[in-house]
Amino acid sequence: MARLEDIIWDTVVIGAGIVGSFTAWQLQKLQSQVLLVDQFQLPHSRGSSAGLTRAVRKAYQEDFYCEMMEEAYKIWEQIEHEANVIINKKTGMLIIDKDAGNLTSIKSNLQQLIFPCTTLTEEELRTKFPGLKFDGHAGLIDIDAGVTDVQAALRTVQFLFRKNGGTICPETKVLKINPGRLVGIMTNKGNYQAKSVVITAGPWAAKLMEPLGLHLPLKPMAINVFYWKEKVPGAYSMASGFPVFADYNTMRLDTFVYGLPSSEYPNMMKMCLHVGPATDPDKRDLQIKEHIASDIKKLSEYIRGHFLHLEDNPSIIERCMYTNTPDGNFILDKHPKWDNIVIGAGFSGHGFKLAPVVGKILADVVTNRNPQYNMTHFRMSRFEHEEKSKL
Ligand SMILES: Cc1cc2nc3c(=O)[nH]c(=O)nc-3n(C[C@H](O)[C@H](O)[C@H](O)COP(=O)(O)OP(=O)(O)OC[C@H]3O[C@@H](n4cnc5c(N)ncnc54)[C@H](O)[C@@H]3O)c2cc1C
């Protein structure tokens, strides 16, 4: 068998989080030699795809994400079917807002694609969810939304990639990328050559791109993940039909509170802030420590005001990272100078659910096919005038 270093790879994908894993799987359908490398053992708890659950939803304020979710759901279902596993569990998602107009625009995005949804008046909200107290708010339910099992998702897509002939090398840290017709990929395990490279390195993306002359306004952010015990067991559980929850009114207050029904830890609802401090991904645990108390204070107050059956002190605290762009949209593009270096980055805290279709787009970009979506939202040139960017 040839040594990995002796193979001319069609593509090396750097980073086996959910985006890199789906990209490798999509590429393996189009190419014969695809290598997926990660700096850590797999699975690991250090990247953005860490943890146990994510929300999956079609409800988006931006119609282009709604459109992408249509295909994403199909691919999620396809891999569930192929591997005979359950990855997404349907719970619905309740979005509440004081601004009913905002909900109307999300509803119209959903209805355009014939996605099922219902709206709730303040009174209906109170009747349907007696454990919540939201005066002056209206609600929208995205009926197909639910909860994704993160570890099942990663395991399944990596399993299918391997089954189709792909190669995965964990504990292989890319130290340097040498651009050229054949790209050189220097790692701690050896040096590889590939016709193309995809950088899907999550919060570490900038560390790989900057030596390639790409200075993009990417901001890794440390996020505390809290679980809160139910005072009434099952009050907010998936089993009792409680949905994923998001308070869009708090988005305008710069806190953005969201929650997932209790399931992975019995009788504990996950409730978090969608913001956190800027961080270096290699130092995040020290940098986030001092924010725990202020996050708990904000969320405890919120819970006391709105979630009648939750304790107001968290029982479990975990950590994760976002990589934010200034506009919250992804970067899916080629390097402006070397078109065989492709970048998938800046998933801004909402990339998990879309990873199946993002992987397909990145595979199209690598193989010079036209992605079927409007790519202007995802080009790095949109940041040309940002202070931090230098393309
Ligand atoms: C708390 C939290 C809640 C979230 N909730 C949701 C949600 O409800 N719905 C949703 O859709 N999204 C959600 N997200 C966002 C989503 O999880 C991310 O957008 C997604 O996981 C990004 O995946 P990634 O593959 O880009 O990054 P990562 O998972 O970080 O993967 C990057 C990989 O690259 C590897 N790597 C980095 N540098 C190198 C190197 N030099 N050599 C080799 N390997 C390298 C890393 O080890 C890592 O495994 C949430 C994120 C967090 C943190």
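Just follow the structure's listing: the first ligand is 1, and inside any ligand the first atom is 1. Small disclaimer: the values here were computed from a predicted structure and weren't measured. Computed from heavy atoms alone, side chains included, the values below leave out hydrogens, waters and symmetry copies.
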Give the table of side-chain donor-acceptor pairs shorter than 3.5 Å for residues 263-272, with sequence neighbours excluded, one pair per line with atom names and distance.
unit_1, atom_1, unit_2, atom_2, d
Glu264, OE2, Thr53, OG1, 2.7
Glu264, OE2, Tyr227, OH, 2.6
Tyr265, OH, Glu318, OE2, 2.4
Asn267, OD1, Gly234, N, 3.4
Lys270, NZ, Thr53, O, 3.0
Lys270, NZ, Thr53, OG1, 3.0

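Considering both main-chain and side-chain atoms, Arg54 comes within under 3.5 Å of ligand 1 through a nitrogen or oxygen pair. By the 3.5 Å distance cut-off applied to N or O atoms, Val174 is counted among the residues near ligand 1. Among the atoms of Lys173, none of the N or O lies under 3.5 angstrom from an N or O of ligand 1.
Using cut-offs of 30° and 60° for the angle between ring planes, the Trp25 and Phe22 rings count as perpendicular.
For the pair Asn340 (side chain) and Lys195 (backbone), a donor-acceptor distance under 3.5 Å is present. Using a distance-only test at 3.5 Å, with no hydrogens or angles considered, a donor-acceptor pair links the side chain of Glu122 to the main chain of Gly136.
A salt bridge links Arg304 with Asp312: at least one charged nitrogen is closer than 4.0 Å to a carboxylate oxygen. A salt bridge does not link Glu70 with Lys58: none of the charged nitrogens is closer than 4.0 Å to a carboxylate oxygen.
Which parts of ligand 1 touch Thr172 is read off a 4.0 Å heavy-atom cut-off, strictly below it: atoms 42 (N), 43 (C). For ligand 1, the atoms lying closer than 4.0 Å to a non-hydrogen atom of Gly47 are 30 (O). Close approach to Phe347 involves these atoms of ligand 1, each under 4.0 Å from a residue heavy atom: 19 (O), 26 (O). Within ligand 1, counting atoms from 1 as listed, the ones closer than 4.0 Å to a heavy atom of Ala201 are 32 (C), 34 (O), 37 (C), 38 (N). Ligand 1 places these atoms under 4.0 Å from at least one heavy atom of Met321: 53 (C). Atom numbering of ligand 1 starts at 1 in the shown order; those under 4.0 Å from a heavy atom of Phe40 are 47 (O). Interface atoms of ligand 1 facing Tyr322, defined by a heavy-atom separation under 4.0 Å, are 2 (C), 50 (C), 51 (C), 52 (C), 53 (C). Of all the atoms in ligand 1, the ones that sit under 4.0 Å from a non-hydrogen atom of Val19 are 23 (O), 24 (P), 25 (O), 26 (O).
In terms of protein heavy-atom proximity, atom 22 (C) of ligand 1 is closest to Ser48 CB, 3.7 Å. Among protein heavy atoms, the minimum distance from atom 43 (C) of ligand 1 is reached at Gln39 N, 3.2 Å. Protein heavy atom at the shortest distance from atom 27 (O) of ligand 1 is Gly202 CA, 3.4 Å. The protein non-hydrogen atom at the shortest distance from atom 8 (O) of ligand 1 is Ala55 N, 2.7 Å. Protein heavy atom closest to atom 53 (C) of ligand 1, with residue, atom name and distance, is Cys320 SG, 2.4 Å. In terms of protein heavy-atom proximity, atom 19 (O) of ligand 1 is nearest to Gly351 N, 3.1 Å. Protein heavy atom closest to atom 48 (C) of ligand 1, with residue, atom name and distance, is Asp38 OD2, 3.3 Å. Scanning the protein heavy atoms around atom 34 (O) of ligand 1, the nearest turns out to be Gly15 CA, 3.1 Å.
With hydrogens and angles left out, the side-chain atoms of Gln31 and Thr11 include a donor and acceptor closer than 3.5 Å.
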Please walk me through it: do Asp135 and Lys133 pass salt bridge (charged side-chain N to carboxylate O under 4.0 Å, His left out)? CA-CA 6 Å; Asp135 298 335; Lys133 186 176 182 310; 3.1 Å; yes
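Within a 6.0 Å sphere centred on CG of Asn84, other residues, nucleotides and ligands contribute 12 heavy atoms or fewer. Under a cut-off of 6.0 angstrom, the local environment of CG in Leu253 is crowded, with over 12 non-hydrogen atoms contributed by other residues, nucleotides or ligands. Sparse packing is recorded around NZ of Lys89, with 12 or fewer heavy atoms of other residues, nucleotides or ligands lying under 6.0 Å away. Within a 6.0 Å sphere centred on CD1 of Ile8, heavy atoms belonging to other residues, nucleotides or ligands number more than 12.
The structure places CG of Asn249 at 9.5 Å from CZ of Phe134, a figure rounded to the nearest 0.5 Å.
Under 4.0 Å from ligand 1, the heavy atoms of Val225 that appear belong solely to its side chain. Only backbone heavy atoms of Thr200 (N, CA, C or O) come within less than 4.0 Å of ligand 1; its side chain stays farther off. Heavy atoms of Lys353 found under 4.0 angstrom from ligand 1 belong to the backbone as well as the side chain.
For Lys173, the side-chain hydrogen bond (donor to acceptor under 3.5 Å, both in side chains) criterion is met by no residue, not counting sequence neighbours.
Judged by the shortest distance from any of its heavy atoms, His44 lies inside the 4.0 Å radius around the atoms of ligand 1.
Checking Phe22, Phe352, Tyr65 against atom 16 (C) of ligand 1, the nearest heavy atom belongs to Phe352.
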